[in-house]
Amino acid sequence: NFDRQAGVPYLDCKSKDYFVDDVQVVVNRDGGMGMELLELAGGRDDDYGLTIVSGVSGNAEQAGVVPGDSIAQVQVVESQTDGTNTKESVQIL
């Protein structure tokens, strides 16, 4: 079950150094995303895994991503313009 309250110390530990918080950041793809990723658990039959940010630079750093962050969901927004109309599509991975 992935339902849990954000902003709570991780696994109810007494340390305030480890906590769970949900944030949304927008990272520009122009010039590269600027994230080094480490897949700790992936390719499982249940489609769940764990991907940790191991390094940041450029766009990711400017968006507020820090090493140690875990990526839970990725949303890709694409826009196409034909001169007068703009079509936007959203894909959640």
Side-chain angles (χ1 to χ4, degrees):
N1 185 355
F2 289 98
D3 294 331
R4 52 140 184 81
Q5 185 178 358
V8 182
Y10 180 67
L11 296 176
D12 295 328
C13 74
K14 304 298 181 219
S15 171
K16 299 298 181 191
D17 294 331
Y18 304 103
F19 61 93
V20 174
D21 205 1
D22 295 321
V23 298
Q24 179 178 348
V25 296
V26 176
V27 178
N28 189 337
R29 292 181 0 181
D30 292 336
M33 292 182 65
M35 283 191 276
E36 296 173 36
L37 303 177
L38 176 62
E39 188 174 12
L40 297 178
R44 297 169 27 154
D45 291 337
D46 62 4
D47 290 332
Y48 291 112
L50 180 60
T51 302
I52 301 293
V53 177
S54 59
V56 295
S57 64
N59 290 327
E61 189 172 35
Q62 291 172 5
V65 179
V66 296
D69 282 353
S70 174
I71 298 180
Q73 180 179 5
V74 175
Q75 178 176 318
V76 178
V77 179
E78 292 184 89
S79 298
Q80 296 178 345
T81 303
D82 65 4
T84 57
N85 298 317
T86 300
K87 181 180 176 185
E88 192 172 88
S89 64
V90 177
Q91 181 180 10
I92 297 177
L93 308 172

Would you say V76 and I71 are hydrophobically clustered, going by side-chain heavy atoms of ILVMFWY under 4.5 Å?
yes

Would you give the length of the straight line joining atom CG of L40 to atom OG1 of T51, rounded to the nearest 0.5 angstrom?
7.5 Å

Do K87 and N85 have side-chain heavy atoms sitting under 4.5 Å apart?
no

Can you give me the closest heavy-atom contact between [X] and [Y], atom names plus distance?
X: N59; Y: G31; result: ND2-C, 4.3 Å
X: M35; Y: V53; result: SD-CG2, 4.2 Å
X: P67; Y: S54; result: CB-O, 4.0 Å

E88, CD atom: more than 12 neighbouring heavy atoms under 6.0 Å
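More than 12 within 6.0 Å, yes.
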
Side chain to side chain contact (heavy atoms under 4.5 Å, CB included) partner of M33, chosen from V27, V56, V65
V27

